[in-house]
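Hydrogens, waters and symmetry mates are skipped; everything else that's a heavy atom, side chains included, is used. If you're wondering where the values come from, they're calculated on a predicted model, not measured in any experiment.
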Amino acid sequence: MSLNRRTFFKFWGVAGAALAFGKSLEAAPASDDGVELMGVLYDASRCVGCQTCEFACADSHNMEFPEDGPSTDIKRSLDPTKRTVVNWYNLPDGSEGYSKKQCMHCNEPACFTACLTQALYKTKEGPVVWREDKCMGCRFCMISCPFEIPKAEYDNNNPRIVKCNMCYHKWADSERPACVNDCPYDALMFGTRRELLDEARKRMLENPDTYHPHIYGEKEAGGTSWLVISPVPVEQIGFNNKIQLKSYPTLTKGFVSSIAPVDLLLPAFLLGLYEATKVRTQNTEEEEL
Amino acid sequence: MNQTTAIQYADNKGNNTWKFFINELKPKTKIFTAFNIITLPIILLGLGIIVYRFMYGLGSVTNLTQEMPWGIWKAFNVVVGVAMAGGAYVLVFITHVLHLKKYNPILKVAVLNGLLAYIFYSFALILELGRPLDIFNVIIGNDYGVSSILFLVAWHFMLYILCLMLEFSPSVAEWLNARKTYKFLAGITLVAVVFGITLSVLHQAGIGGLFMLAKGKVHPLWYNQYMPLMFVIQSVFGGLALVIALVTLCWKIFAYQLDETYRKAKDPILVGLAGICALSMFSYFFMHVIIFAHEKNWVYMGTGWGWWYLLEMIPFVVVPMFMFLYGFKLKNIRLINIAAVLTLVGIILNRMNTSLIAYNIDAPIRYVPTIWEIIVSISVILIQIWVFRWIVLRMPVLRKSPDWAKGAH
Ligand code: SF4
Ligand code: SF4
């Protein structure tokens with residue numbers, strides 16, 4: 001069991017490959033610069049909680065129509081049968097508010113970084129989609145998503161992860177997301193993320209009394225394709241406003257990129273230690289801790 | 001696992017490996033022991049539940065919710081369990097890399113425990129996978145999620161199991177009297193050792209890294225940026241605490257297998273391990289204090305979570321830390337044994353808190369495991385103990401190696 005030069009260099013060869021492999025880890029999962037990110041602007045001041053978007057969504061994905069509706073006492077949440085839900089809130093000032101919830105399609109999604117098979121995949125156009133043939137059902141995406149969007153079918157022995165895909169399956173036929181298409185009150189608008197931000201700012205500028213000056217999704221989680229503007233602070237209509245502004249992948253980037261160098265350096269260090277202590281134990285018969 | 005009758009086990013002298021192997025499958029000890037009578041029904045029930053789970057989906061036996069997608073199979077059998085497998089790499093480091101030969105008598109027990117632990121944790125992991133057949137995507141898939149910590153964990157996990165197999169394989173060769181294979185396997189041990197330690201450390205860190213993405217979900221008292229490092233340090237003293245407990249038990253139950261030098265070696269070894277535990281627990285505690293102050297976590301101290309945190313830290317980290325220290329100084333084995341048990345409870349608490357109890361505390365429905373989940377969790381560990389016993393009764397783990405293999409290590 002002696003260490004010769006050849007085995008030593010073999011280690012470096014393998015470890016070197018690990019380092020080269022590590023390089024690709026550092027690439028940010030942002031969209032290609034060439035393609036503009038698409039998205040949807042949701043204007044809560046126009047929403048009346050009619051649920052049309054929910055029905056349109058169910059129809060577009062061949063799912064059961066929802067049987068419950070928005071109410072002020074029960075807050076409905078997403079589940080494997082609903083890719084989007086609308087809720088009804090009593091606001092502190094006495095008025096009523098509505099909000100629609102679905103995947104935010106983050107620019108740098110936590111779910112994409114979490115998914116070890118790239119089943120959850122950030123398309124270059126913006127939508128984050130789930131690919132059935134890749135998913136192994138670990139549900140790490142559910143652990144990592146700060147908006148708590150992906151849902152799992154626990155009652156199925158081959159469960160799917162269910163979440164909004166911005167109707168990406170219809171984009172090839174140049175169809176817009178079904179909810180945007182069907183919304184009778186124009187609360188949803190489809191466009192490039194840049195256009196939508198401009199539009200949101202324009203609406204706020206023209207009607208400063210109508211809007212709380214905050215575009216939810218502009219900076220949250222490093223920016224999202226889905227943007228929300230509302231008459232009240234968004235936490236009053238059920239959005240999580242404690243989301244960090246940096247993207248979630250940055251939380252683990254340092255750690256992930258340190259793995260390859262450690263893979264490289266630790267074996268070398270251990271071998272050094274092995275050699276060093278071997279000499280010592282030959283000199284001293286007595287070993288102590 | 002109670003038997004005191006002295007039975008000696010022969011290695012495969014006749015060199016008819018296949019016949020020998022078939023023969024070795026038969027039970028070696030009395031079948032109707034208290035341990036067997038209690039555990040066998042639990043294991044059978046557990047296996048039944050597992051079959052049911054694969055037929056009707058996770059929801060049919062678990063209480064998993066959309067807010068708590070990882071239940072006790074992952075939190076207890078995997079996240080907690082991995083810490084308890086840490087003893088293997090620490091001891092391999094001490095004996096093979098640092099050449100501290102004094103610890104050799106317990107090395108094989110620790111490695112065997114680590115190997116089985118990892119095999120059974122991956123088994124528990126597969127139980128929790130929604131689409132277990134697609135696990136091969138990680139191995140052969142064309143879309144590697146290389147930025148995913150879980151991906152890195154999975155690969156380090158798989159490769160490390162391979163290293164552990166190599167590290168343990170000489171004992172299997174000794175058992176089968178496969179002398180040529182033995183020579184080959186003993187020769188590549190160093191490669192397995194060096195990579196094994198590396199893979200293991202990173203894998204331990206990765207388990208902590210998993211929860212870094214869950215910022216805002218894990219309670220701030222348990223969430224911090226240093227989780228990977230904290231989990232590695234935990235695996236040092238947690239792994240050793242388990243080895244201390246395991247060695248104490250094995251030296252009692254399988255006493256008749258040990259020869260005189262091994263029997264005498266135990267106490268000095270445990271004292272030495274207690275020293276390492278005290279030291280690593282001190283650095284762990286110190287990190288906790290610094291993070292606590294830096295994150296201004298005292299704001300949570302008035303709350304129930306604050307008390308819960310203190311309960312984890314004081315009786316199950318600080319107290320055993322001092323017990324290890326005094327056990328080391330006074331060479332008091334009993335003190336060391338108690339400290340080991342307290343330490344293990346502390347690890348269980350900390351990791352269960354991170355991954356389950358203090359996770360998503362605002363969720364509308366709290367996850368409480370079903371009795372079925374608990375039975376499966378226990379069964380997995382019981383099967384592991386059965387396999388452990390099967391191997392110890394047959395291969396030279398506690399016994400010394402046969403004469404022909406001496407000196408080759
Ligand atoms: S909101 Fe959640 S599921 Fe949607 S892209 Fe962002 S991280 Fe992924
Ligand atoms: S459950 Fe599926 S989609 Fe989610 S992280 Fe795991 S493999 Fe990816």
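Annotation: side chain of A:L273 is in contact with side chain of B:L98 (closest heavy-atom distance under 4.5 Å). Annotation: side chain of B:Q66 is not in contact with side chain of A:E148 (no heavy-atom distance under 4.5 Å). A 4.5 Å side-chain heavy-atom check between B:Y359 and A:I143 finds at least one atom pair inside the cut-off. The closest side-chain heavy-atom distance from B:I149 to A:V256 is below 4.5 Å. Two residues are said to be in side-chain contact when any heavy atoms from C-beta on lie closer than 4.5 Å; A:L270 and B:F93 meet this criterion.
Of all heavy-atom pairs spanning A:C138 and B:L150, the tightest one is SG-CD2, 3.7 Å. Nearest heavy-atom pair, B:G130 versus A:P159, reported as atom, atom and distance to 0.1 Å: O-CD, 3.0 Å.
Residue A:L251 holds its CG atom at 6.5 Å from CG of B:L213, rounded to the nearest 0.5 Å. Interatomic distance, CZ of B:R131 versus NZ of A:K134, reported as 12.0 Å (0.5 Å rounding). A:T277 OG1 to B:I94 CD1: the interatomic distance, rounded to the nearest 0.5 Å, is 12.0 Å. Atom-to-atom distance recorded for A:D155:CG and B:Y56:OH is 13.0 Å, nearest 0.5 angstrom. Taking CD1 from A:I243 and NZ from B:K215, the interatomic distance works out to 11.0 Å, rounded to the nearest 0.5 Å. A:L265 CG to B:T198 OG1: the interatomic distance, rounded to the nearest 0.5 Å, is 10.0 Å.
Heavy atoms of B:L125 lying under 4.5 Å from chain A are absent altogether. Looking at B:T65, the atoms closer than 4.5 Å to chain A (heavy atoms on both sides) all sit in the backbone: N, CA, C or O. Contact of A:F255 with chain B is made through the side chain alone, with heavy-atom distances under 4.5 Å. Of the two parts of B:E67, the backbone and the side chain both hold a non-hydrogen atom closer than 4.5 Å to a non-hydrogen atom of chain A. Contacts of B:A154 with chain A are made by side-chain atoms alone, with heavy-atom separations under 4.5 Å and no backbone atom involved. For a residue to count as touching a neighbouring chain, one of its non-hydrogen atoms must lie under 4.5 Å from one of that chain's; by this rule A:K242 does not touch chain B. Using a 4.5 Å cut-off between heavy atoms, A:D133 contacts chain B through its backbone alone, with no side-chain atom that close.
The side chain to side chain donor-acceptor pair (under 3.5 Å) test applied to A:N158 returns no partner, not counting sequence neighbours. Qualifying salt bridge (Lys or Arg N to Asp or Glu O under 4.0 Å) partners for A:R83, counting only residues two or more places apart in sequence or in other chains: none.
Heavy atoms from other residues, nucleotides or ligands lying under 6.0 Å from CH2 of A:W130 number more than 12. The number of heavy atoms from other shown groups lying within 6.0 Å of CZ (A:F269) does not exceed 12. More than 12 heavy atoms of other residues, nucleotides or ligands shown are found within 6.0 angstrom of CZ on A:R76.
Comparing B:H156, B:M212, B:K217 by heavy-atom pairs within less than 4.5 Å of chain A, the highest count is held by B:K217. Ranked by heavy-atom pairs under 4.5 Å with chain A, the first of B:P228, B:P268, B:P364 is B:P228. The residue among A:S77, A:P150, A:G254, A:S144 with the most heavy atom pairs within less than 4.5 Å of chain B is A:S144. Comparing A:P80, A:A114, A:C135 by how many heavy-atom pairs each has under 4.5 Å with chain B, the most go to A:C135. Looking only at heavy-atom pairs under 4.5 Å with chain B, the residue among A:V262, A:N156, A:L78 that has the most is A:V262. Residue with the most contacts toward chain A among B:N360, B:T62, B:V201: B:N360 (heavy-atom pairs, distance under 4.5 Å). With chain B as the partner, the residue from A:C145, A:S258, A:A119, A:A110 showing the most heavy-atom pairs under 4.5 Å is A:C145.
With A:R139 contributing its side chain and B:L129 its backbone, the two residues share no donor-acceptor pair below 3.5 Å. Of the possible polar contacts, one joining the A:N157 side chain to the B:M55 backbone as a donor-acceptor pair under 3.5 Å is found.
Classified by interplanar angle (parallel below 30°, tilted 30° to 60°, perpendicular above 60°), the ring pair A:F140/B:W70 is parallel.
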